[in-house]
Participant: 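I'd like to ask some things about the structure below.
Every number for a ligand or one of its atoms is a count from 1 in the order of the listing.
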Amino acid sequence: MNMIRPKADCDLCPLCKERTNIVLPSGNLESRVVFVGEAPGENEDLMGKPFVGRAGKILDDAFAKAGIDRESVMITNTVKCRPPNNRDPTQEEMSACRPFLDSELESRSLIVGLGKSAIRDIIGYEGPMADIVNKIHTVTIGGNVVNFLPTYHPMACIYRKFAREELMRTISIVKEAML
Ligand code: URA
């Protein structure tokens, strides 16, 4: 994998102004499977690691239930810096970070898009989530065709049982793909 990383003092978009840390991918950087979230939140910004706060706990629980070691897959975000007050990243911010994301995603077997922002950024879909969740798509990145599996963001699962069940289905599909 030939991943490009932002410079330590990256100022390609306005998110640089308020960030504490740039949040780079974590887990097995060589994994064939990559999970892509939206953007770092407060805990991620402080610790410099994706999905270590509340959303991370939900994701970790789903991995644990399915018997997947979180460290065996790669986890990243569409943008590497926290948007103020956890607002959605803008198109401009996602575009500025896109070369880093593309370099993280090319040559993988399966990309899991966690939530609307990741799905919009990666395949340009903006329709209802229910129509797309857990349906395998393909996306061409850097000339390679990669499978893309859209699902609910862990935070969307907190009060919604059906979303939690779909996220568990996603993780089961990932487990099969990793065998
Ligand atoms: N939500 C995300 O989308 N990504 C994180 O890293 C944390 C919370």
Side-chain angles (χ1 to χ4, degrees), residues 3-6 8 10 12-29 31 33-65 68-105 108 110-126 129 132-134 139 148-160 163-164 166-168 170-171 174:
M3 282 196 270
I4 315 170
R5 306 203 142 180
C10 180
L12 293 175
C13 86
L15 295 183
C16 65
K17 289 187 206 132
E18 294 184 46
R19 71 161 177 250
T20 312
N21 284 296
I22 297 177
V23 178
L24 296 174
S26 76
N28 174 5
L29 304 187
S31 176
V33 179
V34 183
F35 285 74
V36 184
E38 178 180 89
E42 187 179 10
N43 291 293
E44 290 77 18
D45 174 64
L46 291 174
M47 294 178 69
K49 195 177 167 188
F51 284 99
V52 290
R54 199 166 173 206
K57 165 101 181 58
I58 295 164
L59 196 57
D60 286 350
D61 287 349
F63 281 139
K65 257 195 202 152
I68 296 185
D69 176 6
R70 170 189 170 132
E71 296 298 321
S72 67
V73 298
M74 186 169 110
I75 302 179
T76 190
N77 281 302
T78 63
V79 295
K80 313 304 181 214
C81 299
R82 181 192 182 199
N85 304 315
N86 298 338
R87 64 159 170 73
D88 292 352
T90 65
Q91 199 55 53
E92 180 203 0
E93 291 155 358
M94 289 199 288
S95 299
C97 234
R98 187 68 203 231
F100 308 119
L101 183 64
D102 277 349
S103 78
E104 293 160 8
L105 300 185
R108 308 283 175 174
L110 181 61
I111 301 165
V112 180
L114 295 168
K116 286 183 181 179
S117 293
I119 296 168
R120 176 160 39 93
D121 194 24
I122 296 167
I123 62 166
Y125 177 84
E126 297 193 71
M129 284 293 287
I132 194 173
V133 162
N134 283 325
V139 57
F148 179 73
L149 185 60
T151 194
Y152 290 104
H153 191 280
M155 288 307 274
C157 297
I158 290 186
Y159 301 112
R160 293 152 86 203
R164 244 183 345 261
E166 290 293 349
L167 182 62
M168 269 323 295
T170 309
I171 307 284
V174 168

Participant: Please classify the S117 to ligand 1 contact at 4.0 Å (heavy-atom distances, strictly less than): side chain, backbone, both or neither.
Facilitator: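 Near ligand 1, S117 shows nothing, with every heavy atom at 4.0 Å or more.
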
Participant: Under 4.0 Å from any heavy atom of G37, which atoms of ligand 1 are there?
Facilitator: 3 (O)

Participant: What do you reckon, does G41 have a nitrogen or oxygen under 3.5 Å from a nitrogen or oxygen of ligand 1?
Facilitator: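 Looking only at distances, the answer is no, because the N/O contact criterion of under 3.5 Å is not met.
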
Participant: For ligand 1, is any non-hydrogen atom under 4.0 Å from H153's backbone (N, CA, C, O), its side chain (CB onward), both, or neither?
Facilitator: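 Side chain only.
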
Participant: Is it true that, when you exclude N85 itself, more than 12 heavy atoms of the residues, nucleotides or ligands shown sit nearer than 6.0 Å to its CG?
Facilitator: no

Participant: In terms of residue, atom name and distance, what is the protein heavy atom nearest to atom 4 (N) of ligand 1?
Facilitator: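 Checking every protein heavy atom, the shortest distance to atom 4 (N) of ligand 1 gives N77 OD1, 2.8 Å.
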
Participant: Please enumerate all residues that pass salt bridge (charged side-chain N to carboxylate O under 4.0 Å, His left out) together with R98, with sequence neighbours excluded.
Facilitator: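 R98 satisfies salt bridge (charged side-chain N to carboxylate O under 4.0 Å, His left out) with D102, D121 only.
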
Participant: Could you list the donor-acceptor pairs under 3.5 angstrom formed by side chains in residues 48-62, with sequence neighbours left out?
Facilitator:
{"residue": "K57", "atom": "NZ", "partner": "D61", "partner atom": "OD1", "Å": "3.2"}
{"residue": "K57", "atom": "NZ", "partner": "D61", "partner atom": "OD2", "Å": "3.0"}
{"residue": "D60", "atom": "OD1", "partner": "R70", "partner atom": "NH1", "Å": "2.8"}

Participant: Crowded around M47 CE? As in, over 12 foreign heavy atoms under 6.0 Å?
Facilitator: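 Open: at most 12 neighbouring heavy atoms sit under 6.0 Å from CE of M47.
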
Participant: Which of the numbered atoms in ligand 1 are below 4.0 angstrom from a heavy atom of P50?
Facilitator: 6 (O)

Participant: Counting only heavy atoms, which portion of E44 has something under 4.0 Å from ligand 1: side chain, backbone, both, or neither?
Facilitator: side chain

Participant: Any sub-3.5 Å donor-acceptor pair from N134's side-chain atoms to E166's backbone N or O?
Facilitator: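 Such a contact is found between N134 side chain and E166 backbone.
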
Participant: Between N28 and M74, is there a donor-acceptor pair closer than 3.5 Å when you use the side chain of the first and the backbone of the second?
Facilitator: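 No.
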
Participant: Quick one: which of G53, A118, A39, S26 has a heavy atom closest to atom 2 (C) of ligand 1?
Facilitator: A39

